[in-house]
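What follows is a single structure, written as structure tokens, with notes after it.
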Amino acid sequence: MTFVTVNSLPCHYQRSTPATERPQQAVLFVHGAGGSHRHWRFQLAHLGKDCLAMAVDLPGHGLSEGHALDRIEAYSKFIKDFSDIVMDSPFFLVGHSMGGAIAMDFAFNHPERLAGLILVGTGSRLRVMPKLLETYKNNEYFPGLENFMYSTDIHPTTLQQAKEELERVHPSVFYADFTACNLFDATDRLEKIQVPTLVIAADKDVMTPIKYSQGLVDKIPNSKLTIIPGAGHMMMLERPKELNQAILSFAESAE
């Protein structure tokens with residue numbers, strides 16, 4: 001386990017890098033609401049063969065201390081402070097869902113730090129069902145949330161594991177994260193993203209359907225869309241091979 005101190009608090013991240021050569025590219029992964037670095041485990045294992053790959057636990061998530069934040073801008077500032085410690089050159093920033101919102105805000109404010117932007121299962125506006133917010137505000141768990149996160153083809157064992165993982169996250173974390181998502185709206189600012197951008201969608205994602213991703217590509221200059229077939233919102237776990245290839249191909253083309 002690897003920790004650094006960010007704003008006086010221990011921050012955990014996972015790191016993977018080639019053993020025999022100095023990597024030419026660096027990739028930082030940011031998880032979504034209620035998530036952790038574990039959501040990127042297949043990406044770290046594969047991309048770490050060629051790149052410096054890191055996945056961070058946001059404050060109050062995974063093994064990082066502190067409290068979950070209720071504004072995307074606050075998470076974006078955390079990523080800036082964290083990356084200033086661990087990254088010494090421009091890097092590719094990959095964000096999933098809420099992490100994609102964080103990545104967009106980072107790109108608005110710190111484009112000079114980025115070699116490229118990769119937005120996975122996200123949108124310029126992330127409205128949250130009122131019932132979802134109300135449930136977590138009342139310190140309760142939303143039943144069946146896992147069913148919205150995977151395609152209907154997912155193995156029952158994987159779905160059960162996802163359910164158990166969600167139940168280990170305190171409701172206050174989800175409430176803060178979903179509040180941050182609900183307040184986020186970058187629709188009128190997308191043209192300001194000036195770094196090469198890859199938008200990745202899954203064709204069975206019911207949380208952030210393909211139209212969300214198409215909306216990003218329509219407005220972000222120098223962007224392109226890749227669609228992962230047969231996957232739901234958690235495409236990085238459901239179709240890791242396809243997602244990994246999309247990320248690597250984009251990173252190579254952006255050199």
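Hydrogens, waters and symmetry mates are skipped; everything else that's a heavy atom, side chains included, is used. The structure displayed is predicted, hence computed values, not measured ones.
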Test ring-ring contact (aromatic ring centres under 6.0 Å, His included) applied to F142 and F174, step by step: CA-CA 10 Å; F142 189 85; F174 276 114; 10.0 Å; no
Whether E238 side chain and S151 backbone form a donor-acceptor pair below 3.5 Å: yes
N-O pairing of D185 and R127 below 4.0 Å: no
Beyond-backbone contact of V120 with M235, side-chain heavy atoms, under 4.5 angstrom: yes
Non-hydrogen side-chain atoms of F184 and M104 separated by less than 4.5 Å: yes
Greater than 12 external heavy atoms within 6.0 Å of K80's NZ: yes
Side chain proximity check, S97 to M207, heavy atoms < 4.5 angstrom: no
Aromatic ring proximity Y13/F82, centre distance under 6.0 Å: yes
Pairwise side-chain contact, V206 with M149, heavy-atom cut-off 4.5 Å (strictly under): no
Basic-acidic side-chain contact under 4.0 Å: R38, D57: no
Shortest non-hydrogen separation from P18 to D50 and the atoms involved: CG-C, 3.7 Å
Ring centers of H31, H96 separated by less than 6.0 Å: no
Worked verdict on V56 versus V86 for side chain to side chain contact (heavy atoms under 4.5 Å, CB included): CA-CA 11 Å; V56 63; V86 301; over 6 Å; no
Rounded distance [0.5 Å steps], CG in N222 versus CD1 in I193: 11.5 Å
Any R239 side-chain heavy atom under 4.5 Å of K204 side chain: no
L166 side chain reached by K163 side chain, heavy atoms, under 4.5 Å: no
Between H155 and Q161, a side-chain donor and acceptor under 3.5 Å: no
Steps toward side chain to side chain contact (heavy atoms under 4.5 Å, CB included) verdict (M54, V27): CA-CA 6 Å; M54 297 186 189; V27 184; over 6 Å; no
Worked check of side chain to side chain contact (heavy atoms under 4.5 Å, CB included) between L237 and Y150: CA-CA 9 Å; L237 297 174; Y150 291 86; 3.5 Å; yes
Proximity of Y136 and Y175 rings by center, below 6.0 Å: no
Separation between CG of L132 and SG of C181, rounded to the nearest 0.5 Å: 10.0 Å
Backbone N/O of Q14 and side chain of T2: donor-acceptor pair under 3.5 Å: no
